[in-house]
Peer 1: 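Before anything else, here's the structure in question.
One-based numbering, in listed order, for ligands and for the atoms of each. Note that this is a predicted model, so its numbers are computed, not measured.
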Amino acid sequence: MTPPDGAEPPRIDLPHPFELGVATSAYQIEGAWDEGGKGPSIWDVFSQTPGKVVHDIPGDRGVDHYHRMPSDVALLASLGVDSYRFSLSWSRLLPEGTGQVNRVGVDFYLRLFDALADAGISANVTLYHWDLPQALEDRGGWLNRDVQHWFGEYAAVAYDLFGDRAARWATLNEPIANWAGYGMGVFAPGKTGALSGRTAMHHALLAHGQAVSAFRASGAQGEIGIVVDVWKRSAVDPTPENLQRVRDQDADAHEAFLNPLFKGGYSDHQVERWREDGSMPQVRDGDEALAAAPIDFFGLNIYNRVLVDAEPGDEARTGFVGGNFLDSGKFYDPEVAYEVLGLLHQEYRVPVPIYVTENGIANCSETLDAGRVHDRDRIEYVRGFLHAIARAAADGVDVRGYYLWSFLDNYEWSLGYSERYGIVHVDFGSFERTPKDSAYWFRDVIAERSLWVDAPGVAGRPGRST
Ligand code: FCB
């Protein structure tokens, strides 16, 4: 694609090698929540509970991917993606969470792997993208320390079934979701309390470690890693009070995972604060070594910077919000990708290749016009992030891929069908798919392995707004 005025703009090349793809998750797209022997997950139960999701519309049908998988893979092929990142539904494979394997669920994923292989698309599989089997929630869910063994068993089953089919395996997607689900109560299963939230987060780290060790014990091919989201905070006004808020909020969010994964455990700052407010999770002998089990790659989800300002009244905008609650349409700053990749490289000394496993935007203007969907803001957003990532790679960070969130408009958790992240438009009534302008643009980027940028620095300008 050339810029609108036809002038010859500066171009940059993407790193080489660099994997380009799109991402989804099982609950957000599959639907068929109770078909083919699938057991319910905590998200089925939560979204079916009045008052929990926008407009009280549950995610039962997702975007009907379960029934449209072959044509969805054909669409992926038409984009020319190198790789497709998706997650497995734990309760489709093991309806009770442990024990009996559901053959119909296995067959669905085998057909998906076959279709991807036939299309020459590599599979990047996430074991857990937030949809814990309800049967396990009934036994205490992420608050029960045994969840690490339940997850280890599930992981071993998945490696056994599909271990020769995927290039990359991630244990968990954004384990901060356990804070939203067991601390804030805004995600499934809707529990609250700081100790509860941090306990669920700690158990996620143990589960991750168990799944890494199960991977090493299995004959699975490919690589094992984890996906963590980093919403780097910045003080709008760098007063000592604001800078402290930035430190505390970063400590409670991404550092709660990065420190155990790469620095051998929680920091003194974390332990002191959490002891003081009574939210310190129980850490037993061996937990730290388990969480720090060597991995083969690190997945970074990055959407935006969070602006922190202690001015009264600004808390709602800037307070600690993990996961996907930020209103991305309001403000975005691609430079944060350069900064966070630098942080992972220098401060955490991440010893393995990094893949950007999610980046995308909703709430940008989309106009429908004679069968086309114009979403220029999304193109600008992705261009900005790709530029920042390419600069980080040029400056020595080992970043080897980028996955756009998302392939399809889908069910956005507690926000239901109210936010569209897809580069393919989905009619939420008929589930008809229509590629947006961003899909054609991304297809060209994938083919050309380069992109034009506005002018040096502009694509990465801090504080750029939509
Ligand atoms: C991430 C989630 C993904 C989606 C995007 C918008 O936090 O991993 O499922 O909700 O945000």
Peer 1: Can you find an N or O of Trp130 that's nearer than 3.5 Å to an N or O of ligand 1?
Peer 2: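 No, there is no polar N/O contact under 3.5 Å.
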Peer 1: Indicate, as side chain, backbone, both or neither, the part of Glu419 found under 4.0 angstrom from ligand 1 when only non-hydrogen atoms are considered.
Peer 2: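 Near ligand 1, Glu419 shows nothing, with every heavy atom at 4.0 Å or more.
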Peer 1: Short list, please: which atoms of ligand 1 are under 4.0 Å from a heavy atom of Trp413?
Peer 2: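 Contacts of ligand 1 toward Trp413, numbered from 1: 3 (C), 4 (C), 9 (O), 10 (O).
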Peer 1: Check ligand 1 against Glu412 and write out every atom of the ligand that is under 4.0 Å from a heavy-atom position of the residue.
Peer 2: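 Under 4.0 Å from Glu412, ligand 1 has these atoms: 4 (C), 6 (C), 10 (O).
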Peer 1: Identify, by atom number and element, the atoms of ligand 1 in contact range of His129, meaning under 4.0 Å from any of its heavy atoms.
Peer 2: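 Close to His129: 2 (C), 3 (C), 8 (O), 9 (O).
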Peer 1: Judged by modelled atom types alone, do Asp229 and Trp231 share a side-chain donor-acceptor pair under 3.5 Å?
Peer 2: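 On atom types as modelled, these side chains qualify, holding a pair under 3.5 Å.
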Peer 1: Does any N or O of ligand 1 fall below 3.5 Å from an N or O anywhere on Gln28, backbone included?
Peer 2: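 N/O-N/O distance under 3.5 Å: yes.
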Peer 1: Describe, in one word, how the ring planes of Tyr154 and Trp90 are oriented to each other, choosing from parallel (under 30°), tilted (30 to 60°) and perpendicular (over 60°).
Peer 2: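 Tyr154 vs Trp90 ring planes: parallel.
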Peer 1: Going by the angle between their ring planes, with limits at 30° and 60°, are Phe187 and Trp413 parallel, tilted or perpendicular?
Peer 2: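 Taking Trp413 first and then Phe187, their aromatic rings sit tilted (interplane angle of 30° to 60°).
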Peer 1: Going through the distances and angles, do Val340 and Leu300 end up as a side chain to side chain contact (heavy atoms under 4.5 Å, CB included)?
Peer 2: CA-CA 9 Å; Val340 168; Leu300 169 69; 4.0 Å; yes
Peer 1: Where on Asn173 is there a heavy atom closer than 4.0 Å to ligand 1, on the side chain, on the backbone, on both, or on neither?
Peer 2: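 The part of Asn173 near ligand 1 is the side chain, not the backbone.
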Peer 1: Classify the side-chain pair His149/Asp146 by whether it contains a donor and acceptor separated by less than 3.5 Å.
Peer 2: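 No, Asp146 and His149 have no side-chain donor paired with an acceptor closer than 3.5 Å.
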Peer 1: Would one find an N or O of Glu174, backbone or side chain, under 3.5 Å from an N or O of ligand 1?
Peer 2: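 Yes, since at least one N or O of Glu174 sits under 3.5 Å from an N or O of ligand 1.
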Peer 1: For Ala135, check side-chain contact (heavy atoms from CB on, under 4.5 Å) against everything at least two apart and list the hits.
Peer 2: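 Residues passing side-chain contact (heavy atoms from CB on, under 4.5 Å) with Ala135: Glu96.
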